[in-house]
Amino acid sequence: MFRKGFFSRYRSGKIDRSVLESEISKRTLTFLSLAKEINAKYTTDGLLRWDDIIDVTFSYLSGPKKGELMRFYDNNFYYRKPVIKEEIKANPDEYNRALKESLDLAKKAEYSGVVKGVITGPLTYALLSDDRYYDNAQELIFAYSKEVNSVLKSIPSGIGAVEIHEPSFFEKGIKSSLISRLSEAYSEMFKGVNIEKHLITYFRVIPAKLDTFFNLPVDVYGLDVIENLNALAQIYKRVKDRKMFFGVLNTRNTKLERVSTIRRIVEKAYQNGSSLVLIGNSAPMDFIPEIIAIRKLKLLKKVGDKA
């Protein structure tokens with residue numbers, strides 16, 4: 001995998017920063033060319049500059065430091081836990097430079113769709129951090145949302161949407177007090193932000209939390225349907241007049257999905273009144289080999305223009 005190769009060589013001093021940046025640009029251009037090839041309506045830049053969705057936060061926040069390696073949910077994948085010992089502050093210079101470069105690379109790749117910025121959701125950030133400054137998770141969530149609002153207001157004009165990753169939303173055991181105020185935190189995060197907001201969750205859903213999920217103030221609601229085929233009936237009940245993102249590509253095994261199965265899932269959502277159904281990978285593709293990830297993404301082109 002790219003990150004295990006060039007990043008490990010950079011960190012061990014075998015290559016310098018200029019070589020690393022050159023390779024990141026080359027791989028990002030390749031990824032955006034793939035997005036063009038499969039006619040993707042929306043895409044991120046592949047997040048090749050960062051190890052994971054938590055690593056991205058260090059590019060737009062100051063204050064937190066990188067702590068110990070922690071397992072990313074129940075996957076054979078690890079992230080550096082943010083250690084918060086002081087007030088977090090918006091500091092999006094590195095983040096915005098990266099997005100501007102990605103926009104230039106998208107133009108070079110002749111990709112004409114929408115390039116999305118990626119941020120980590122406030123609930124996920126709070127639960128995956130080692131907070132030694134704020135009094136509780138709720139306080140951290142609102143402090144984070146306020147600073148991310150400043151980040152989003154500074155985002156480069158060519159970025160047409162923001163993708164919020166909130167995989168912790170359906171985790172078991174989360175206090176209801178956190179979930180009940182999350183809509184308020186999202187409103188704070190998006191105050192005065194006039195770009196599309198795509199909310200992305202992954203892994204198992206808890207059907208009892210779906211109504212709360214669909215009350216969050218976003219434009220597109222993203223669910224990992226491939227992990228939740230037995231909950232599709234509950235999901236379909238709630239898609240009427242909503243724009244949806246369905247994670248139809250399983251990113252935790254190498255088996256290729258059946259195009260006919262994906263088409264049925266999409267068609268059923270439209271039959272239940274969804275105004276738009278976008279499809280893609282169910283979670284970050286760090287868990288599978290790159291060659292398999294590419295094969296899976298190329299399946300999307302076969303599903304049909306309606307999806």
Side-chain angles (χ1 to χ4, degrees), residues 1-12 14-15 17-56 59 69-80 98-99 101-106 108-111 113 115-118 120 163 165 167 200 202-203 222 224-227 245-259 261-262 278-303 307:
M1 292 290 287
F2 170 73
R3 294 191 184 97
K4 293 180 180 178
F6 286 98
F7 275 99
S8 62
R9 289 172 65 192
Y10 168 70
R11 288 164 183 157
S12 64
K14 294 180 180 178
I15 61 174
R17 186 73 193 183
S18 63
V19 174
L20 177 66
E21 292 290 345
S22 176
E23 289 299 329
I24 290 173
S25 295
K26 288 178 184 177
R27 297 302 180 96
T28 302
L29 179 60
T30 298
F31 177 80
L32 292 167
S33 296
L34 175 61
K36 176 182 182 295
E37 179 184 344
I38 65 173
N39 299 325
K41 296 179 181 179
Y42 295 86
T43 187
T44 69
D45 61 5
L47 298 184
L48 298 177
R49 296 175 179 85
W50 297 289
D51 289 332
D52 47 67
I53 62 165
I54 298 300
D55 194 35
V56 177
S59 72
L69 279 172
M70 300 294 294
R71 192 175 185 184
F72 189 73
Y73 301 96
D74 63 343
N75 298 283
N76 188 25
F77 180 72
Y78 295 82
Y79 73 98
R80 290 279 179 188
L99 290 179
E101 181 182 347
S102 294
L103 288 170
D104 290 340
L105 291 170
K108 187 175 181 180
E110 298 181 342
Y111 173 71
V115 178
K116 298 194 281 187
V118 174
T120 304
E163 184 174 283
H165 284 236
I200 305 295
Y202 24 96
F203 313 137
D224 179 349
V225 299
I226 207 68
E227 286 271 3
F245 171 86
F246 280 169
V248 296
L249 301 178
N250 194 321
T251 58
R252 296 205 278 180
N253 70 47
T254 57
K255 183 179 178 181
L256 294 181
E257 287 71 27
R258 296 173 66 93
V259 171
T261 300
I262 297 173
L278 304 169
I279 56 174
N281 42 301
S282 62
M285 301 187 102
D286 304 85
F287 318 126
I288 57 177
E290 182 177 334
I291 189 171
I292 301 299
I294 292 171
R295 288 175 183 171
K296 283 176 176 272
L297 288 170
K298 286 185 176 181
L299 289 176
L300 300 178
K301 187 176 182 181
K302 299 179 180 180
V303 175

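The model shown is predicted, which means the values in this text are computed figures rather than measured ones.
- Around CD1 of I291, the count of heavy atoms belonging to other residues, nucleotides or ligands within 6.0 Å does not exceed 12.
- Residues that satisfy the ring pair (Phe, Tyr, Trp, His ring centres under 6.0 Å) test with F72, not counting sequence neighbours, are F77.
- Side-chain contact between I226 and T251 is absent, with no heavy atoms from C-beta onward closer than 4.5 Å.
- R258 meets the side chain to side chain donor-acceptor pair (under 3.5 Å) test with no other residue; sequence neighbours excluded.
- Among residues two or more places apart in sequence or in another chain, the side chain to side chain donor-acceptor pair (under 3.5 Å) test is passed with S102 by D45, R49.
- For the pair K255/N250, no side-chain contact is recorded, criterion being any heavy-atom separation below 4.5 Å from C-beta on.
- Atoms OG1 and CG, on T28 and L105 in that order, are 6.0 Å from each other to the nearest 0.5 Å.
- A donor-acceptor pair under 3.5 Å is formed between the side chain of T30 and the backbone N or O of K26.
- With a 4.5 Å cut-off on side-chain heavy atoms, N253 and I288 do not count as touching.
- Summarising the geometry of A283 relative to F203, their closest heavy-atom pair is CB-CE2, 4.2 Å, with the distance given to 0.1 Å.
- Taking the salt bridge (charged side-chain N to carboxylate O under 4.0 Å, His left out) definition, one finds that D224 meets it with nothing, sequence neighbours left out.
- Side-chain contact of E101 with S25: a donor-acceptor pair under 3.5 Å is present, judged by distance alone.
- K41 NZ to L300 CG: the interatomic distance, rounded to the nearest 0.5 Å, is 12.0 Å.
- In this structure, E290 and R295 have side chains that are not in contact, with every pair of non-hydrogen atoms separated by 4.5 Å or more.
- Every residue meeting the ring pair (Phe, Tyr, Trp, His ring centres under 6.0 Å) condition with Y202, not counting sequence neighbours, appears here in chain and number order: H165.
- Every residue two or more places apart in sequence or in another chain was checked for a salt bridge (charged side-chain N to carboxylate O under 4.0 Å, His left out) with R80, and none qualifies.
- Inter-residue side-chain proximity for N281 and K296 is flagged as unmet; no heavy-atom pair is nearer than 4.5 Å.
- Looking at M285 and L297, their side chains come closer than 4.5 Å, going by heavy atoms from C-beta outward.
- Among D286, D52, V118, the one residue that satisfies the side chain to side chain contact (heavy atoms under 4.5 Å, CB included) test with L47 is V118.
- With sequence neighbours excluded, no residue satisfies side chain to side chain donor-acceptor pair (under 3.5 Å) with Y79.
- The side chain to side chain donor-acceptor pair (under 3.5 Å) test applied to D74 returns R252, not counting sequence neighbours.
- The ring pair (Phe, Tyr, Trp, His ring centres under 6.0 Å) test applied to F245 returns no partner, not counting sequence neighbours.
- Not counting sequence neighbours, the partners of L99 by the side-chain contact (heavy atoms from CB on, under 4.5 Å) test are Y95, N96, I155, P156, I159.
- Annotation: side chain of P167 is not in contact with side chain of I200 (no heavy-atom distance under 4.5 Å).
- When the ring pair (Phe, Tyr, Trp, His ring centres under 6.0 Å) test is applied to Y78, no partner is found at least two apart in sequence or on another chain.
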Considering only distance and modelled atom types, tabulate donor-acceptor pairs under 3.5 Å from the side chains of residues 31-38, sequence neighbours left out.
| residue | atom | partner | partner atom | Å |
| --- | --- | --- | --- | --- |
| S33 | OG | L29 | O | 2.9 |

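- Taking each heavy atom of V259 and V303 in turn, the nearest pair found is CG1-CA, 4.1 Å.
- Panel note: side chain S282, backbone L249; a donor-acceptor pair is recorded below 3.5 Å.
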Between T44 and V115, is the side chain to side chain contact (heavy atoms under 4.5 Å, CB included) condition met? List the steps. CA-CA 6 Å; T44 69; V115 178; over 6 Å; no
